[in-house]
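Structure, as structure tokens:
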Number of protein chains: 2
Amino acid sequence: MCAVIDYSSGVPVYRQVANAIRDDITAGRYRPGAWLPSEAQLAQMYEVGRDTVREALAYLRAEGKITTVRKRGSMVAAEVTREAHHVPPGARVIARMPTPDERRDLATSVELREFGGIPEGVPVFEIFPGARKHRKVLRGDQVELVIDPPENK
Amino acid sequence: MCAVIDYSSGVPVYRQVANAIRDDITAGRYRPGAWLPSEAQLAQMYEVGRDTVREALAYLRAEGKITTVRKRGSMVAAEVTREAHHVPPGARVIARMPTPDERRDLATSVELREFGGIPEGVPVFEIFPGARKHRKVLRGDQVELVIDPPENK
DNA sequence: CATCATTTGTCCGTATGTATT
DNA sequence: AAATACATACGGACAAATGAT
């Protein structure tokens, strides 16, 4: 029934599996917050090895689509509402993946306990405000930058 | 010489290996663009299984620190100069990981041929300009957003 | 042009510790 | 308490593509 793995396509099998699972997520067959089948089950479903499933899950983690909890399983990432963050004129902003330190510092207490930090696949904003104020690092999955319209003062 | 893996720390071994390699990268012992030792060599160096090394490399790929080329090896991600991109007042910006389509569309021709798309660990900006213009999706590793100062017109 | 060694991708068997039931 | 399920980790093995000889 599910999933045709094409071994002659040249596309790594783990990516084909990842694509199939991602399609199931986007199609709503796995809902946000729900647990995926276990690695062994997924391996059986797609008729591939466990290693391949593990790589596919790592791939989806890197995309931020799922988070994996040690000794529990992999969960579809929950949707969060983004909080507006106002950026002053003249600022510069880059997006990048967080450092290990930032992953620890930006985590909620729950995430820190469960995952050891913010999940994989979550980028950060690094904001350099105009003058010589300190730069800010914000979680990319929880904020939305709002460019302030010019004020008349 | 290199790397002490602490099996009693509770920290997964693959993460300890990833941390050790990352430290080597940040310390400049592996330069941008250089090939890492092969998986087999790394496994020997840290005295762990190849599975563990592969997981560590997947972890570093997700961080954008390295890119892996099939049948060739893993390379330290090259540094690029960011191009300035001006954002109009009133716009909203989010950062997220790209979809598979975007990974293909935003790749250079070289990346498309070598990796099949932009590398893992590269986030994107999604910019919603004020009115009802089309949204823009830009590579997070190549651009730097510049918030335009208010103009007087 | 042909051959060979290297390297990643993939699969399998097995073992262990831990969380949940 | 006991059993089950699962992530983590090790080892061996082969295929296919690449690069060097």
Side-chain angles (χ1 to χ4, degrees), chain A residues 3-21 30 34-62 66-76 110 113-117 119-120, chain B residues 3-21 30 33-62 65-77 110 112-117 119-120:
Chain A
V4 183
I5 302 299
D6 182 1
Y7 286 88
S8 62
S9 68
V11 179
V13 178
Y14 77 89
R15 288 211 192 180
Q16 297 186 45
V17 174
N19 291 339
I21 297 175
Y30 299 130
W35 294 102
L36 294 185
S38 73
E39 294 180 355
Q41 285 173 324
L42 289 170
Q44 207 169 8
M45 287 164 59
Y46 295 105
E47 297 177 312
V48 296
R50 293 187 306 279
D51 280 15
T52 308
V53 168
R54 287 176 65 73
E55 284 223 59
L57 294 180
Y59 197 73
L60 293 172
R61 272 200 303 275
I66 64 171
T67 60
T68 298
V69 183
R70 220 182 136 111
K71 282 147 193 155
R72 292 277 298 294
S74 293
M75 197 178 58
V76 179
V110 176
R113 192 177 63 244
E114 303 258 306
F115 316 127
E120 280 184 64
Chain B
V4 183
I5 302 299
D6 182 0
Y7 286 88
S8 63
S9 69
V11 178
V13 178
Y14 75 90
R15 287 212 193 180
Q16 297 186 45
V17 174
N19 290 340
I21 297 174
Y30 298 130
W35 294 101
L36 293 184
S38 73
E39 295 176 354
Q41 284 175 325
L42 290 169
Q44 207 170 8
M45 288 165 56
Y46 295 105
E47 296 177 311
V48 296
R50 192 160 80 101
D51 271 18
T52 308
V53 168
R54 286 177 63 76
E55 284 223 59
L57 294 180
Y59 199 72
L60 293 173
R61 272 199 304 273
K65 290 277 183 243
I66 65 171
T67 61
T68 299
V69 183
R70 244 180 116 117
K71 313 284 155 66
R72 292 241 263 140
S74 293
M75 199 177 58
V76 180
V110 176
L112 235 172
R113 192 177 63 242
E114 302 258 306
F115 317 126
E120 280 185 65

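Note that the coordinates shown come from a computational prediction; the quantities given were computed from them, not determined experimentally. Residue numbers start from 1 in every chain, and the chains themselves are labelled A, B, ... in the order their sequence lines are given, proteins ahead of strands. Values below: every heavy atom of this structure, side chains too, minus hydrogens, waters and symmetry copies.
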Looking at dG11(D), dG19(D), dT8(C), which one has an atom nearest to any side-chain atom of K71(B)? dT8(C)
What integer distance in Å separates Y59(B):OH from dT8(D):C1'? 15 Å
Rounded distance in Å - CG (D51(A)) to C1' (dC10(D)): 11 Å
Between R72(B) and T52(A), name the one whose nearest nucleotide on DNA chain C is closer to the 5' end. R72(B)
Kindly indicate whether the side chain of R50(B) and the base of dT10(C) share any N or O donor-acceptor pair separated by less than 3.5 Å? yes
Report yes if the side chains of E120(B) and Y59(A) come closer than 4.5 Å at any heavy-atom pair, otherwise no. yes
Rounded at 0.5 Å granularity, tell me how far CD in E55(B) sits from CG in D51(A). 8.5 Å
What is the distance from CZ of R70(B) to C1' of dT10(C), rounded to the nearest Å? 10 Å
Separation of L57(A) atom CG from dT8(D) atom C1', in whole Å? 14 Å
Considering just the side-chain nitrogens and oxygens of Y7(B), establish if one lies under 4.0 Å of OP1 or OP2 belonging to dC10(D). yes
Atom CZ of R15(B) to atom C1' of dA7(D): distance rounded to whole Å? 12 Å
Let me see the working for L36(A) and L57(A) under side chain to side chain contact (heavy atoms under 4.5 Å, CB included), right down to the final yes or no. CA-CA 10 Å; L36(A) 294 185; L57(A) 294 180; 4.0 Å; yes
Where the side chain of S38(A) is defined as all heavy atoms beyond and including C-beta, which of dA7(D), dG9(C), dC10(D) is the nearest nucleotide? dA7(D)
For residues R50(B) and A40(B), report the shortest heavy-atom separation together with the two atoms involved. CD-N, 4.4 Å
For A58(A) and A58(B) the tightest heavy-atom approach is CB-CB, 4.4 Å
Would you kindly give the CD-to-C1' distance between E39(B) and dT18(D), to the nearest whole Å? 15 Å
Could you tell me how far apart D6(B) (CG) and dA9(D) (C1') are, to the nearest whole angstrom? 15 Å
Mate of dA1(D) where both pairing distances stay under 3.5 Å, Watson-Crick or G-U: none
Tell me the interatomic distance from R54(B), atom CZ, to dC10(D), atom P, rounded to whole angstroms. 14 Å
